[in-house]
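Counting starts at 1 for both ligands and their atoms, following the listed order. Please read all numbers here as calculations on a predicted model, not as lab measurements.
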Amino acid sequence: MKNLKNALLLKQLYLLKQLGYSYTSVSTFQEDEPDLTLPNSLEKLKKQALECHLCDLSKSRTKVVFGEGNTEADIMFVGEAPGATEDSSGKPFIGRSGELLTKMIENVLLIPRSEVYLSNIVKCRPRDNAEPTATEAHTCHPYLVKQIALIKPKIVVALGATAYHYLSGDDSAISKVRGSLYKQQGYTLVPTYHPSYLLRNPSAKKEVFEDLKMIRGLM
Ligand code: URA
């Protein structure tokens, strides 16, 4: 909750700055702390995320892309951030990279897309499809942590370096870590390439097929 608390504090400080304050006492923020516990149901968590204004991405988004799929899924896929198509529909992975991901799930894992859960590191689209900043990713992180805690997947597939980095805290190149299993609290993290990387580098598809076949073996 530290990230959420810091983000709320920062928001209050910016508000005061806009109002002309150049000094404030720390004690101002020690009283009447808001309840920072995130809800214990996915529905309520989604509602809270849909109303979120904790970072700048909320100013330019069209829709919050919370995530979708089987809320009791054994496998959860985490991407980087919604793109333009996702931003206008509110659904994750429905653009070109989403189509490829769906094919891979259905043809290699041999389960319908609706059987897994799909989400992202940040729930709002960064302008110009930029990589989310560290502040945006950290501010949004409590929502993802809570999503994982409520869905309780056995396997979380990190799609691409950004997803792997924020889920593991490790900066290693995705090419080095892909296809390995990392024990996290309550689930196994499996990094692989992001489908948008595969659209640009189709020759890397065979590695993702290998990673997914390995995941299928674990199921
Ligand atoms: N890319 C992502 O990382 N997530 C989406 O939802 C769509 C494209």
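Backbone and side-chain nitrogen or oxygen atoms of Glu86 are examined, and none is located within less than 3.5 angstrom of a nitrogen or oxygen of ligand 1.
Residues meeting the side chain to side chain contact (heavy atoms under 4.5 Å, CB included) test with Glu210, sequence neighbours left out: Arg178.
Remark: among candidates Ser196, Ala81, Pro92, the nearest residue to atom 5 (C) of ligand 1 is Ala81, based on non-hydrogen atoms.
No more than 12 heavy atoms of other residues, nucleotides or ligands shown are found within 6.0 angstrom of CG on Asp128.
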(request) Assess whether salt bridge (Lys or Arg N to Asp or Glu O under 4.0 Å) is satisfied between Lys47 and Glu43, documenting all intermediate values. (result) CA-CA 6 Å; Lys47 190 170 176 289; Glu43 266 311 297; over 6 Å; no
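At a 4.0 Å cut-off, at least one heavy atom of Asn120 sits close enough to ligand 1 to count as contact. Distances shorter than 4.0 angstrom occur between a heavy atom of Ser97 and an atom of ligand 1.
The residue from Leu110, Leu109, Asp74 that alone fulfils the side-chain contact (heavy atoms from CB on, under 4.5 Å) condition with Met219 is Leu109.
For ligand 1, the atoms lying closer than 4.0 Å to a non-hydrogen atom of Gly79 are 3 (O). Near His194, the atoms of ligand 1 lying under 4.0 angstrom from a non-hydrogen atom of the residue are 1 (N), 2 (C), 3 (O).
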For a quick test of your reading: what N or O donor-acceptor pairs under 3.5 Å do the side chains of residues 62-71 make, sequence neighbours left out?
residue : atom : partner : partner atom : Å
Thr62   : OG1  : Asp87   : OD2          : 2.6
Glu68   : OE2  : Arg113  : NH2          : 2.9
Asn70   : OD1  : Glu72   : N            : 2.8

